Amino acid sequence: MMHAKVKNTADAQGVPKSMVQLSVPRGQDRELSEVIDGVVHSEMLLPFDDILIDFCAEFSRTLAKRARGFSELQALAFWMRRAELMRMREDFRGLATERTVLMPRGLVVHIPPANVDTIFIYSWLLSLLCGNSNIVRLSSRATEQTELMIDVINELGGNARFSRVAGSTAMVKYGHDDAITAQLSARADLRVIWGGDGTVQNIRRSPLSPHATDLTFPDRVSLAALNAANADALGEDELRDVAARFYNDAYWFDQMGCSSPRMVVWVGEEGIAKRSSARFFQALYDVTVSKGLRVETSAALSKMTYGFSVPITQNVGQVQSFGNQVLVIENDDLEQMPTGFVGSGTFHSTVVGSLSEIAPMITRRYQTLSHFGFTSEELHELIGRLAGRGVDRLVPIGQALTFNRFWDGNDLFQALTRYVYVDNSQS
Amino acid sequence: MIFDELTALPQFSLRQPDKEDLLESALQELTEFHKEHSPEYRRMLATHPAPPGTGLARIPFVPVNIFKQHLIRSVPESEVFKIMTSSGTTGQQVSRIVLDRETAARQSTALTKIMTHVLGPKRLPMIIVDTPNVVKDRKQFSARGAGVLGMIPYGRHHHYALDDDMALDVEGLIAYLSAHEGEQLLIFGFTFMVWKYFYQRVRDLGLDLSNAVLIHSGGWKKLLDEAVDNSEFRDSLQRDTGLSRVHNFYGMVEQVGSIFLEADDGYLRPPNYADVIIRDPHTWAPMPFGEVGVIQVLSVLPKSYPGHSILTEDLGIVHGIAGPERGWAGHRLEVIGRVPKAELRGCSDTHAEEAQLVSS
């Protein structure tokens, strides 16, 4: 699938040779321009082509079997199951109109974060489904989960049925090398940058081709809101169920995921809110115990230091620990979230009278509001009050990390494709 | 007052129950003092329940890294005499400790009392296991340099045993030893350097150090990588150089002055001014003797900043209590080392972190 003449082209252009380590397809280190030419010149497929759907469904099936015990990978496999893929195809087709067709962008270069293991797969799979060629930069510190996924991809790619799909993707590793980033950027039609603000800024120093664009996913923070009276009305088991779902939102990436709630807003009358809060965090603690969560001592000390530090600069009520697992900081100064957040189960907790009262403290950085016990009207009233200032997702508690095509204010189906406008009206 | 009383008594002479009575009331007073004079400390305490435990363990502590994030003082700005900083590699945050004249004087008095306990009242000829440049280049002021400077007053006729490449100045050392033949000597250096650049060469040269006292510090991490622990260190020095008076010490910039000194049984002891509690890293309750936990250090010295009770990021074990009979009363502390750093996850600036690792 690599073209033999490519090397000469690169030499003729005087492009310096940069070697990258190939993970997909697994192989020898290769010259980057060869890798790029390989995927760019692979046969183009139309968005949601049957073979793409088959590939993704097979990926999901194999991953579900092989990744037992890795809850993040199981979630990914579930998200990519065939029924869901068919639903996605319907949604995608719904975007086209009589005069518009959605076509691939071309070469999509993905720069995922180094240590949220699954993100790069979500962004790659969506781009693949949209018919693009893809180059993914993998972190040099690949985890067990990452390696497992790469193995599955390579296995499927080795299957003759999927050779057309496999040829359009390369996953590479390289050290911190600006020349490689520059070369990738110059060839990209769309560059997808995940990771923190620093990474986005750093990658953006490498210019894109004039027609190309960036899709960036910078640092974001998230919060949860609960209707205190509705939470108060829950029985022990129901409350525990909400806490268990919240646990998934908050603890999967040690609470450092952009969508993991850092702040918990109790909406309602103060006394009820305090009572609900106390019950909820106790239930959350019980969940952490039943899940066997152990907080490493260094993380526990970081949390403790944070709990001592915040009251120095902010207006804090009590700092309450439920073991090392849950640290609750009653904090009214939420307009200014303190810096140096440490995660691992650290929650700023506050009480407001109505949901829309949180609007003034929401900034562009806020991404996800996971919610419990509100009406659609309340949620929409908040969105109206926010008027685009921040919060891109409002999802039920338990779904904060559930990825879908609507992310950080983008519709990824649209971002990963071009609208081709066709007017055939004879005037 | 308590500080003078503790200074007047011989170091390491207090029976543990008596010491705890003395320290508990002194530390309670200090807690009240700092609450009154430091709004930051007051806010930290007001938002936190008292730590689990009884007696000394009820004295509230603050985590040591709080001094990296905030400059906290219990004296008016006009009385600030000096701000000490901890060592740290580039990019790391350092602790900043505010001293007034009184606290600085207490630190200095305490350190002298503790050191003269093993060195005697007279200053000894001193060999420094380091290069002379470690204290000369003030721009590159390092933890090593600060350590050497802190010890220099306890010796005389200082001889630096190494050159800039960590090579032993053999001729210089032999000349120094013969010039001071029959005299008591003080040797000071960092544990790893003493082992790697000094002991191994001295052993091969067959030099006799039986009239020396070795004071060393700096942690065991590098030596444990070479499978050398404290008893191996002590045994080797004694066997190969005759050096038997070996005292490791444990201290930190957040509690300068109240250093823990290694006794003849190989375990550290808190001086009169200080004590130690080992806390369970899951419950933060005090742990039974013999179990590994996080070290909390208590000291009556800090008045200008609320550092009289600090939860460190070090792991240790207290191997019971020694009586005063052999001159080394108190908790028998073994320091294991730093709490291992957990790897952070999350979708923050991870590639930037990688870049920093590469460049550092």
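Fair warning: this is a prediction, and the values are worked out from it, not measured in the lab. Each chain gets a letter, A, B and so on, in the order the sequences are listed, and its residues count up from 1.
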So for [X], is it side chain, backbone, both, or neither that comes closer than 4.5 Å to the heavy atoms of chain A?
| X | answer |
| --- | --- |
| Q69(B) | side chain |
| I72(B) | side chain |
| S38(B) | neither |
| V294(B) | side chain |
| F67(B) | neither |

Separation between CD (E330(A)) and OG1 (T47(B)), nearest 0.5 Å, reads 10.0 Å

When rounded to the nearest 0.5 Å, the distance separating OG of S309(A) from CD of E40(B) is 10.5 Å

Bottom line for R294(A): the part with an atom under 4.5 Å from chain B's heavy atoms is side chain

Whatever's closer than 4.5 Å to a heavy atom in chain B on Q314(A) counts as backbone

Highest number of heavy-atom pairs under 4.5 Å with chain B among V310(A), L301(A), T297(A) belongs to L301(A)

With no hydrogens and no angle check, is any side-chain donor or acceptor of S298(A) less than 3.5 Å from a backbone partner on V339(B)? no

All heavy atoms of H282(B) vs all of N324(A), minimum pair found to be CA-ND2, 3.6 Å

